[in-house]
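Structure record follows, encoded as structure tokens.
Computed from a prediction, not measured in an experiment: that's the story for all the values here.
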Amino acid sequence: RRARQRPEGGAGGVGLAGEEKGHQRGRGEAGKWHQSLCGGVPGAWVCAGFAAVESALARVGLSEFAERQIGELSGGQKRRVFIARALAQEARILLLDEPFSGVDASTQASLMDVLDDLNRDGMTIILCTHDLGLAFSRFDKVMALHRDMIAYGGPECVYKPEVLAK
């Protein structure tokens with residue numbers, strides 16, 4: 001089973017919030033839009049239900065864009081759609097790869113607000129970023145990697161010259 005599919009019988013596990021090759025893009029029909037939010041799995045939107053998708057879009061502040069083609073959305077809006085897809089699948093863990101690359105400061109702040117709300121509600125968020133300032137100022141746990149794990153812990157333990165020099 002692919003990680004992005006909703007497991008049988010209930011709440012999901014891991015939600016991948018990033019653009020994937022081959023998922024439904026540029027389709028204006030509401031069914032295709034909802035299908036893309038449900039991982040591009042044919043018929044998945046029926047199983048997940050429009051209510052779950054509408055709720056997920058509302059949660060990330062994109063309800064008014066539900067009928068737009070995904071190609072009409074800005075980079076930040078697309079990132080929020082991918083987060084909404086994970087929410088519609090009832091993921092408990094959200095994996096994000098460079099969610100702030102190529103977005104302006106306002107969009108970054110908006111995305112962080114969404115992620116902060118989700119984290120407060122109990123969702124585990126694992127995020128990859130090269131922005132050390134952001135990592136050390138906004139996250140309670142940080143992992144430094146360079147081919148292997150160099151350090152893991154609170155920012156005060158990882159943000160040290162001897163660690164960062166590795």
Side-chain angles (χ1 to χ4, degrees), residues 1-27 29-103 107-131 134-135 138-143 145 149 152-154:
R1 173 184 3 245
R2 294 178 297 201
R4 64 186 174 135
Q5 287 181 312
R6 187 176 179 182
E8 294 95 24
V14 178
L16 304 175
E19 189 166 339
E20 302 169 19
K21 293 183 182 195
H23 93 286
Q24 296 292 329
R25 282 186 269 196
R27 306 288 176 101
E29 308 151 39
K32 294 295 184 185
W33 173 255
H34 286 83
Q35 180 178 321
S36 75
L37 285 177
C38 294
V41 180
W45 61 271
V46 174
C47 297
F50 280 101
V53 172
E54 297 298 333
S55 173
L57 285 172
R59 185 80 193 262
V60 299
L62 289 178
S63 294
E64 67 272 17
F65 298 99
E67 298 302 322
R68 287 206 187 163
Q69 294 182 14
I70 198 159
E72 296 175 5
L73 302 176
S74 70
Q77 291 166 338
K78 286 179 186 176
R79 284 173 176 82
R80 288 191 285 165
V81 164
F82 298 132
I83 292 169
R85 180 175 67 190
L87 295 175
Q89 295 173 5
E90 300 178 8
R92 291 177 284 201
I93 300 171
L94 185 59
L95 300 177
L96 300 160
D97 183 15
E98 294 289 346
F100 309 115
S101 66
V103 299
T107 300
Q108 180 175 320
S110 172
L111 286 169
M112 277 304 305
D113 289 344
V114 169
L115 297 176
D116 287 343
D117 287 345
L118 293 172
N119 189 247
R120 271 192 294 277
D121 290 346
M123 180 176 278
T124 299
I125 300 170
I126 301 171
L127 184 144
C128 172
T129 184
H130 288 92
D131 184 342
L134 175 73
R138 293 297 304 258
F139 304 114
D140 57 347
K141 298 285 185 198
V142 179
M143 181 183 300
L145 302 171
M149 185 175 69
Y152 173 76

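What you find for L115 and I125 is that their closest heavy atoms are O-CD1, 3.3 Å. When all heavy atoms of P99 and L127 are compared, the pair lying nearest together is CG-CD1, 3.6 Å. E54 approaches A66 most closely through the heavy-atom pair OE1-CB, 4.5 Å. Considering all non-hydrogen atoms of both residues, A135 and V142 come closest at O-CG2, 3.6 Å. Taking all atoms of both residues into account, the shortest heavy-atom contact from A56 to A84 is CB-O, 3.2 Å.
The side-chain hydrogen bond (donor to acceptor under 3.5 Å, both in side chains) check on S74 picks up Q77, with sequence neighbours excluded. Listed by chain and number, the residues in a side chain to side chain contact (heavy atoms under 4.5 Å, CB included) with V103 are R79, F100, T107, Q108 (sequence neighbours excluded). Here D113 pairs with nothing under the side-chain hydrogen bond (donor to acceptor under 3.5 Å, both in side chains) rule; sequence neighbours left out. Residues satisfying the side-chain hydrogen bond (donor to acceptor under 3.5 Å, both in side chains) test with T129, not counting sequence neighbours, are none. By the side-chain hydrogen bond (donor to acceptor under 3.5 Å, both in side chains) test, N119 is found to be paired with no residue, residues two or more places apart in sequence or in another chain being considered. Listed by chain and number, the residues in a side chain to side chain contact (heavy atoms under 4.5 Å, CB included) with S110 are R80 (sequence neighbours excluded).
In this structure, CZ on F139 lies 12.0 Å from CD1 on I126, to the nearest 0.5 angstrom. The distance from atom NZ of K141 to atom OG1 of T124, rounded to the nearest 0.5 Å, is 12.5 Å. Here the OG-CG distance, from S55 to L87, works out to 8.0 Å after rounding to the nearest 0.5 Å. With rounding to the nearest 0.5 angstrom, the SG atom of C128 is 5.0 Å from the CD atom of E98.
In this structure, the side chains of I83 and R59 stay at 4.5 Å or more apart for every pair of heavy atoms.
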